[in-house]
**Student:** 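Once you've had a glance at the structure underneath, I'll fire off some questions.
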Amino acid sequence: MRPAVLPRSFHNFRRLTINFLATFFVLNVVSCKAPPQSEGQKRFGNDSDYFIGLRFLQEGNEKAAREKFKYCIKKGTKACGQKSAEALCGFGNIQEKNAAAENLLKLYPGDESLLIAARQFSASGEINRLIDITTGLDFSKAKNEVIRLRLEAMGRRGDSAYETEVYRWFTECPLSTEHYQFYRDYYKHPDFETAYQNPDSDLAANLTYTPQQFAIHYRIESYKRNYSYTTQCSSILEKYYAEKILEPAPQLISDLGKNYLYGTMDFVKNAGYFSKLARDNAGSPAEFYFWFYAGRYYEKAGIYYRQSRSCFEAAIAAATSPEQKDNALWYLLNTSLNFSVDSIIDSIGEYSRQWNDCEYFEDFFEQLVSALLAAGKWNEFGRIYKAIDGYASDLTTAQFAYLYGRLIQEGLATGSADEAEKAFKRACYGGSSVYYKSLAAYRLGLWENPAALKKIMCAPTAVRQADSALEASEAYDKSLENLLLGYAYFGFPELIYPEWQKIQGQTISPETNFYLSDFLAKCASLEKAEENENTDYYTQSLRIAARAQRLSKRQLTRDELALVYPCNYKEFVSKYCDEYKVSQPVMFALIRSESFFDADVMSSAGAVGLTQLMEFTGSDIARRFKMQDYSLTDPETNIRFGTWYLANLISRCDNSALLGFFSYNAGINRVRRWQKSSLIEFGKKSNMPLDLFLETVPYAETREYGRKLISASIAYDWLDSPARFQQTVEELLK
């Protein structure tokens with residue numbers, strides 16, 4: 001397979017050479033010429049043949065490129081050898097490409113090679129070979145595209161197992177775009193659509209189909225969320241199950257449950273029916289789904305708490321995977337919360353010992369925080385954080401610990417100063433978010449201990465910290481690291497992020513992740529300096545750094561943390577922050593959170609550019625500036641408009657950055673209503689502490705938005721001047 005076509009702006013990088021020392025994490029641009037081949041061979045050994053082959057290919061020297069790829073296959077490490085074998089699949093005539101695909105499969109068996117070979121054999125019409133190489137696929141693990149290509153080939157060949165395998169794929173796996181594409185192009189019943197549009201027609205009354213065809217059609221219409229139609233058709237599927245014509249496949253049962261949930265209002269009747277089906281199918285994989293949806297129906301009915309709870313408990317007992325168990329337990333917890341806050345408080349310790357993925361329950365605890373604050377159950381925060389410590393995620397534990405400490409300080413919860421201090425210390429350590437760690441550090445007065453503050457600010461997030469010796473002993477994929485670092489050294493930055501995305505940084509070391517992030521950030525700065533339009537590398541760099549922070553089990557360095565909080569477009573941010581009197585850390589935090597420094601991004605709601613301005617907002621600001629021609633995707637224009645807009649909101653919110661952030665996200669009138677409600681909730685007349693106010697905002701998305709921007713503002717300012725930490729936190733939360 002040929003490498004991806006390089007973007008026009010990339011060709012400047014052919015002049016760029018990177019001399020790196022990975023051990024010390026140093027990146028130096030030393031020349032504007034291609035690195036000498038001898039230097040590359042010295043650093044990368046036989047893997048250098050792959051990168052030199054790419055360069056030959058770029059120059060149009062296909063023959064030399066092929067030779068280099070062949071050498072790398074023979075002598076290089078696995079990752080570069082496999083990429084070389086993949087590259088050879090794009091050379092020559094059909095026979096040569098087929099032979100290269102065969103060789104790829106032989107030398108480097110695996111999902112990626114199988115997909116490339118399947119594509120090649122499909123394109124060349126080698127359907128028998130395609131079917132041979134995909135025989136025995138595990139549909140639950142194989143790539144959907146590979147399965148689709150196999151089934152297409154089986155259909156063309158008239159394979160006797162075709163219908164059986166199509167049915168397996170559609171009933172054993174969650175539906176995807178690959179399923180829909182296959183159904184639309186190869187399997188769609190010619191009369192189903194017409195019958196659906198004309199349910200009273202003779203065609204609909206006399207429509208013929210096999211049970212398997214109907215089940216597949218039912219899944220597709222469920223995928224399309226045609227709930228009114230699928231609910232009407234559900235009786236047909238149920239008849240097949242009752243008469244033992246079809247086995248109750250779990251994916252179909254899940255669709256059946258969703259269709260009744262969203263397509264009817266007779267929840268109690270449906271709950272009783274599904275409970276009966278659960279008992280009838282006891283011990284089968286379908287039992288979980290019957291109990292689960294029975295619980296959902298009772299929950300929807302609203303007054304059947306005990307019945308709903310009983311069904312979810314039965315679903316937990318019938319679960320066949322950790323994911324199923326967690327899903328049922330999550331609904332059990334939410335049902336209990338909706339019924340009685342006290343019932344949750346009494347049993348949360350027991351529940352927390354049952355789940356598998358603690359992060360799956362973070363949104364439940366978000367709801368619990370709101371419920372406890374609304375009910376005035378201040379003391380329960382201390383009880384809960386101690387009960388879940390070691391079982392819930394560090395983020396959740398830190399949230400409850402920090403709020404307990406603050407409620408003690410505000411005289412709302414009963415507790416001593418020592419208990420508040422212990423709670424803040426718990427919020428500081430572990431894999432908590434920067435938000436709770438930094439605010440807890442402020443409450444502990446750690447700005448007076450720079451070393452302790454640095455340890456907290458540079459700690460990894462969202463994972464439990466481990467002994468650094470453990471991380472050092474982990475087996476990282478050195479071959480893959482060589483591939484990614486080689487792309488950097490030999491000047492192929494556009495190939496780094498697509499390869500990195502496949503692994504999401506999980507099998508390479510933190511040093512390599514941060515090195516790649518640093519390299520791409522420098523590439524983006526170089527492109528920007530040369531007035532090229534493509535600055536995608538800024539966003540790629542930040543995504544890699546943020547992921548590396550999350551994965552790392554060791555302390556980050558300041559330089560690494562600076563990659564997580566980059567100051568891209570600094571000249572524009574500095575210029576307009578000075579003009580409109582906005583703190584630079586605040587503005588960088590806004591841009592980072594809104595767009596991840598992607599100047600061309602557009603949200604589903606229509607917000608555009610670095611500061612995610614709506615077109616009508618941009619138009620209004622442009623009129624104020626008397627600008628007729630402007631573009632919100634132009635970085636300088638967008639930053640100017642966004643900075644002015646945020647400054648205006650902050651000034652209207654008593655110069656509060658947090659309230660300005662909330663107003664930027666949700667509108668200033670909503671924020672004022674929330675403030676009034678929060679004062680009532682806490683029994684205060686004025687002076688509502690903003691960190692507590694944040695927890696009462698009625699929308700989880702907005703609460704998290706505020707946390708992200710406050711924590712990013714603190715991190716940016718700390719990186720710029722650690723001595724300002726106390727002043728920064730106080731200004732942000734005043």
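One-based numbering along the sequence shown.
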**Student:** Given side chain to side chain contact (heavy atoms under 4.5 Å, CB included), test Y293 with I253 step by step and report yes or no.
**Tutor:** CA-CA 9 Å; Y293 280 103; I253 298 304; 5.6 Å; no
**Student:** Hey, would you say the F361 and W355 ring centroids sit under 6.0 Å apart?
**Tutor:** yes
**Student:** What distance separates Q181 CD from S176 OG, expressed to the nearest 0.5 Å?
**Tutor:** 9.5 Å
**Student:** Look at atom OH of Y351 and say whether more than 12 heavy atoms of other residues, nucleotides or ligands are closer to it than 6.0 Å.
**Tutor:** yes
**Student:** Looking at R306, I'd like to know if its CZ atom is crowded, meaning that more than 12 non-hydrogen atoms belonging to other residues, nucleotides or ligands lie closer than 6.0 Å.
**Tutor:** no
**Student:** For F693, is there any backbone N or O sitting under 3.5 Å from a side-chain donor or acceptor partner on T696?
**Tutor:** yes
**Student:** Can you see which heavy atom on S308 is nearest to which on G295, and at what distance?
**Tutor:** OG-O, 3.1 Å
**Student:** Taking all non-hydrogen atoms of both residues, which atom of S140 and which atom of D138 are closest, and how far apart?
**Tutor:** OG-OD1, 2.6 Å
**Student:** Do L337 and L333 touch side chain to side chain, with heavy atoms closer than 4.5 Å?
**Tutor:** no
**Student:** Please round to the nearest 0.5 Å and tell me the distance separating atom CD1 of I316 and atom SG of C311.
**Tutor:** 11.5 Å
**Student:** As a quick check of understanding, evaluate side chain to side chain contact (heavy atoms under 4.5 Å, CB included) for Y664 and Y705, giving each step before the final call.
**Tutor:** CA-CA 10 Å; Y664 197 97; Y705 180 84; 3.6 Å; yes
**Student:** Just by distance, do the side chain of N338 and the backbone of N334 share a donor-acceptor pair under 3.5 Å?
**Tutor:** yes
**Student:** So, do L659 and Q675 sit near enough that their side-chain heavy atoms are less than 4.5 Å apart?
**Tutor:** yes
**Student:** Grab the two heavy atoms, one from S336 and one from R309, that are nearest each other, plus how far apart they are.
**Tutor:** OG-NH1, 3.4 Å
**Student:** With side chains defined as the heavy atoms from C-beta onward, is the minimum distance between L256 and L252 less than 4.5 Å?
**Tutor:** no
**Student:** Under 4.5 Å between any side-chain heavy atoms of W674 and T702, yes or no?
**Tutor:** yes
**Student:** Is there a donor-acceptor contact under 3.5 Å linking the side chains of S393 and E362?
**Tutor:** yes
**Student:** Measure centre to centre between the rings of F312 and W330, then say whether the value is under 6.0 Å.
**Tutor:** no
**Student:** Just by distance, no angles: are the side chains of Y402 and D691 close enough, under 3.5 Å, to form a donor-acceptor pair?
**Tutor:** yes
**Student:** Do the rings of Y305 and F339 sit parallel, tilted or perpendicular, given the 30° and 60° boundaries?
**Tutor:** parallel
**Student:** Any side-chain heavy-atom pair from F365 and I388 closer than 4.5 angstrom?
**Tutor:** yes
**Student:** Take L137 and L114 through the test side chain to side chain contact (heavy atoms under 4.5 Å, CB included) and record every step on the way to the result.
**Tutor:** CA-CA 11 Å; L137 279 181; L114 186 61; 3.8 Å; yes
**Student:** Regarding R707 and E695, does a basic nitrogen lie under 4.0 Å from an acidic carboxylate oxygen?
**Tutor:** yes
**Student:** Is the backbone of Q504 close enough, under 3.5 Å, to the side chain of R547 for a donor and an acceptor to pair up by distance?
**Tutor:** yes
**Student:** Measure the spacing between CD of E287 and OG1 of T320 and express it to the nearest 0.5 Å.
**Tutor:** 10.0 Å
**Student:** Evaluate the side-chain proximity of F364 to I348: yes if any heavy-atom separation is below 4.5 Å, no if none is.
**Tutor:** yes
**Student:** Would you mind telling me which of W169, Y223, F139 makes a ring pair (Phe, Tyr, Trp, His ring centres under 6.0 Å) with H179?
**Tutor:** W169
**Student:** Applying side chain to side chain contact (heavy atoms under 4.5 Å, CB included) to I384 and Y404, what does each step give before you reach the verdict?
**Tutor:** CA-CA 10 Å; I384 290 174; Y404 180 55; over 6 Å; no
**Student:** Could you report the tightest heavy-atom contact between S234 and Y260, atom names first, then the distance?
**Tutor:** CB-OH, 3.7 Å
**Student:** Are Y187 and E163 linked by a side-chain donor-acceptor pair shorter than 3.5 Å?
**Tutor:** yes
**Student:** Centroid separation under 6.0 Å, is that true for the rings of Y298 and F267?
**Tutor:** no
**Student:** Considering residues, nucleotides and ligands other than K684, do more than 12 of their heavy atoms fall under 6.0 Å from its NZ?
**Tutor:** yes
**Student:** Counting distance only, does the side-chain N/O of E350 pair as donor-acceptor with the main-chain N or O of S347 below 3.5 Å?
**Tutor:** no
**Student:** Regarding K141 and D111, does a basic nitrogen lie under 4.0 Å from an acidic carboxylate oxygen?
**Tutor:** no
**Student:** Testing the 3.5 Å rule here: is there a donor-acceptor pair between the side chains of D255 and T230?
**Tutor:** no
**Student:** Hey, are the side chains of Y289 and Q324 touching, using non-hydrogen atoms and a 4.5 Å cut-off?
**Tutor:** yes
**Student:** Check R426 with D394, please: is the shortest side-chain N to carboxylate O separation under 4.0 Å?
**Tutor:** yes
**Student:** So that I know where these two stand, are Y331 and F292 an aromatic pair - ring centroids less than 6.0 Å apart?
**Tutor:** yes
**Student:** Can you check whether N356's main-chain N or O pairs, donor with acceptor, with D326's side chain at less than 3.5 Å?
**Tutor:** yes
**Student:** Counting only N and O atoms by type, is there a donor-acceptor contact under 3.5 Å from the side chain of E410 to the main-chain atoms of R406?
**Tutor:** no
**Student:** So does T539 get a backbone contact from the side chain of D598, meaning a donor-acceptor N/O pair under 3.5 Å?
**Tutor:** no
**Student:** Quick one: does Y297's side chain have a donor or acceptor within less than 3.5 Å of a partner on G272's backbone?
**Tutor:** no
**Student:** May I ask you to decide if K244's main-chain N or O and E247's side chain share a donor-acceptor pair within less than 3.5 Å?
**Tutor:** no
**Student:** Measure across C173 and R219 and return the closest heavy-atom pair with its distance rounded to 0.1 Å.
**Tutor:** O-NH1, 2.9 Å
**Student:** With a 4.5 Å limit on heavy-atom distance, are the side chains of E704 and E366 in contact?
**Tutor:** no
**Student:** Does the S593 side chain pair with the main chain of L590, one donor and one acceptor, at a distance under 3.5 Å?
**Tutor:** no
**Student:** Between F424 and G405, what is the shortest heavy-atom contact and its length?
**Tutor:** CZ-C, 3.4 Å
